[in-house]
Asker: 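Mind having a look at this structure? Questions to follow.
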Amino acid sequence: MKSLYDFNYEQIQEFALEQGWKKFRGHQIFQWLYRSRVKEIDEMSNLSKETRELLKENFLISPLTLREKQVARDGTTKYLFALSDGSLIESVLMQFDYGKSVCVTSQVGCNMGCAFCASGLTRKQRDLTSGEMVAQVLYIQQELDAKEERVSHIVVMGTGEPFDNYDNVMNFLATVNHDRGLAIGARHITISTCGIVPRIDAFAQEHTQYNLAISLHAPNDELRSRLMPINRAYPLSELMAALDRYGAENNRRLTLEYILLRGVNDQPVHARQLAALIGRRNAYVNLIPYNAVDEKGFQGVDHAAAMVFYDQLMKLGVRCTIRKEHGSDIDAACGQLRVKHLQKG
Ligand code: SAH
């Protein structure tokens, strides 16, 4: 069954008109979903019983249910949700000093096949609907409502490749970003992609204020193709050209994500190649501590080694940061909690 969360603000008003209702009904339903954040259609008390019955016959509010929740000492909370078809997905709530950020899953499994990533241990089964992405944020927001706290940031960095599910991801973000939705500011929203060039071009043309993060992870084609199969389709020269087109259309600073893998991409030569690759572009490198995935055989670096790489980049004139680790005492790596459940059967 479709979820009411699948409609963005314009679509729910169109739906109301199609039903022969006033457009305002759509607006009211949206208010119930995103302002009152009701969990049951019957709570929409300014709708007639007839209207509520019609909605109940055709729609769910949330298409997901909680299966498991893990809370780390630093407050990082990992949610395992089951979708209506039984598929399992993960979302993560992270606490920062600047606010609360939700990491959203965009697909069940992933086809990108990155060598180090737990998400690709299972092939993509399907794309998430936009409602299933909205529902991840709403579930967590409803929990926070009890404490009068709010989700202030969103990162589309859970399982899946958001640019392989482009329309649904953009629709989801339209709803959470909308003033009458959750009103999460566009500059507080980050989409991370492994580098699907045609979609980077499409995204550049949308002229949104969302942040774009690119999973780079290697500074040369030989290594990047080994770590990330997408590089065989869109090698670095094509990726960097797309980032330049994006830069020409959008005056936004890019994030380049770089997981430090011990002995693989963490040597001084890699820092030099990375600096040369980035050149004078408006970008900064986010160095990511690797969450070891048992099945993958890669190792991360310790903080001291990360600092060495960081210093090398800084000396070469590359702006960079080291991502703080969150929830390291729970199944924190992308897709780990889900994979554990799938293995348990
Ligand atoms: N498919 C998108 C978004 C999901 S992955 C992308 O590739 O960007 C989000 C980020 O987490 C990516 O940079 C990804 O490479 C990184 N990542 C994957 N597995 C990881 C792990 N075990 N430890 C740390 N980062 C990881």
Side-chain angles (χ1 to χ4, degrees), residues 76 78 89-92 94 101-124 127-128 133 136 153-166 168-169 172-173 189-197 199-200 203 210-218 223-224 226-231 233-234 239 242-243 254-262 264-266 283-302 306 320-328 330-340:
T76 303
K78 196 143 196 178
I89 59 161
E90 292 180 21
S91 316
V92 186
M94 290 167 291
S101 181
V102 173
C103 179
V104 174
T105 281
S106 59
Q107 297 177 319
V108 180
C110 183
N111 275 348
M112 297 300 122
C114 297
F116 46 80
C117 179
S119 298
L121 289 172
T122 52
R123 305 284 296 167
K124 177 175 101 174
D127 291 329
L128 291 199
M133 290 181 265
Q136 296 172 53
H153 291 67
I154 289 183
V155 292
V156 190
M157 293 190 187
T159 299
E161 169 47 49
F163 280 0
D164 182 39
N165 185 15
Y166 188 86
N168 290 345
V169 167
F172 146 62
L173 292 178
I189 293 174
T190 302
I191 309 176
S192 177
T193 177
C194 63
I196 301 181
V197 162
R199 298 295 162 76
I200 294 174
F203 181 71
Y210 305 144
N211 302 298
L212 182 61
I214 306 292
S215 294
L216 197 60
H217 306 327
L223 182 56
R224 193 164 191 269
R226 206 150 34 94
L227 296 176
M228 303 177 69
I230 191 72
N231 197 66
Y234 304 110
L239 176 60
L243 298 185
L254 277 171
T255 304
L256 302 175
E257 298 164 276
Y258 196 97
I259 302 177
L260 285 167
L261 300 166
R262 193 189 306 171
V264 176
N265 66 355
D266 64 340
Y284 83 101
V285 175
N286 192 201
L287 297 171
I288 307 178
Y290 180 59
N291 278 313
V293 178
D294 292 345
E295 294 84 346
K296 292 293 187 180
F298 290 97
Q299 289 174 320
V301 305
D302 59 21
C320 56
T321 53
I322 300 184
R323 185 178 292 175
K324 194 170 162 283
E325 264 187 280
H326 287 265
S328 40
I330 56 176
D331 293 306
C334 319
Q336 264 184 2
L337 180 59
R338 168 172 181 263
V339 167
K340 205 169 73 181

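Start at 1 and go down the list; that is how both ligands and their atoms are numbered. Numbers here are sequence positions counted from 1.
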Asker: Quick one: which ligand 1 atoms are inside 4.0 Å of a heavy atom on Gly160?
Answerer: 1 (N), 2 (C), 3 (C), 4 (C)
Asker: Say whether, by atom type as modelled, one donor and one acceptor occur between the side chain of His217 and the main chain of Glu257 under 3.5 angstrom.
Answerer: yes
Asker: Tell me which part of Glu161 gets within contact of ligand 1: side chain, backbone, both or neither, using heavy atoms under 4.0 Å.
Answerer: both
Asker: Under 3.5 Å, side chain of Thr105 to main-chain N/O of Gln107, donor-acceptor pair present?
Answerer: no
Asker: Could you establish whether Met228 and ligand 1 come within less than 4.0 Å of each other, counting only heavy atoms on the residue side?
Answerer: no
Asker: Hey, is ligand 1 close enough to Val293 that some N/O pair sits below 3.5 Å?
Answerer: no
Asker: May I ask whether Cys110 has any heavy atom positioned less than 4.0 angstrom from an atom of ligand 1?
Answerer: no
Asker: Heavy-atom contacts with Cys117 under 4.0 Å: which atoms of ligand 1 show up? List them by number with element.
Answerer: 18 (C), 19 (N)
Asker: In ligand 1, which numbered atoms sit nearer than 4.0 Å to a non-hydrogen atom of Ser215?
Answerer: 6 (C), 7 (O), 8 (O), 12 (C), 13 (O), 15 (O)
Asker: Below 4.5 Å, heavy atoms only, C-beta onward: do Ile191 and Leu173 meet side chain to side chain?
Answerer: yes
Asker: How about Tyr234 and Ile196: do any of their side-chain heavy atoms sit closer than 4.5 Å?
Answerer: yes
Asker: Would you call Gly300 a ligand 1 contact, heavy-atom distance under 4.0 Å?
Answerer: no
Asker: List ligand 1 atoms under 4.0 Å from Gly158, heavy atoms only on the residue side.
Answerer: 4 (C)
Asker: Do any heavy atoms of Pro289 fall under 4.0 Å from ligand 1?
Answerer: yes
Asker: For ligand 1, indicate whether the residue His217 contacts it via side chain, backbone, both or neither (heavy-atom separation under 4.0 Å).
Answerer: side chain
Asker: Applying the side chain to side chain contact (heavy atoms under 4.5 Å, CB included) criterion to Leu216, which one of Ile259, Leu256, Leu227 satisfies it?
Answerer: Leu256
Asker: Which option, Thr105, Ile259, Asn291, owns the non-hydrogen atom nearest atom 16 (C) of ligand 1?
Answerer: Ile259
Asker: Rounded at 0.5 Å granularity, tell me how far CD1 in Ile154 sits from SG in Cys103.
Answerer: 10.5 Å
Asker: Measure the OG1-OH distance between Thr255 and Tyr284 for me, rounded to the nearest 0.5 Å.
Answerer: 4.0 Å
Asker: For Lys124 and Glu161: C-alpha separation, side-chain torsions, deciding distance, then whether salt bridge (charged side-chain N to carboxylate O under 4.0 Å, His left out) applies.
Answerer: CA-CA 10 Å; Lys124 177 175 101 174; Glu161 169 47 49; over 6 Å; no
Asker: Given side chains that start at C-beta, do those of Leu261 and Asp266 come closer than 4.5 Å, heavy atoms only?
Answerer: no
Asker: Find all atoms of ligand 1 within a distance of less than 4.0 Å from any non-hydrogen atom belonging to Cys194, and give their numbers and elements.
Answerer: 6 (C), 7 (O), 8 (O)
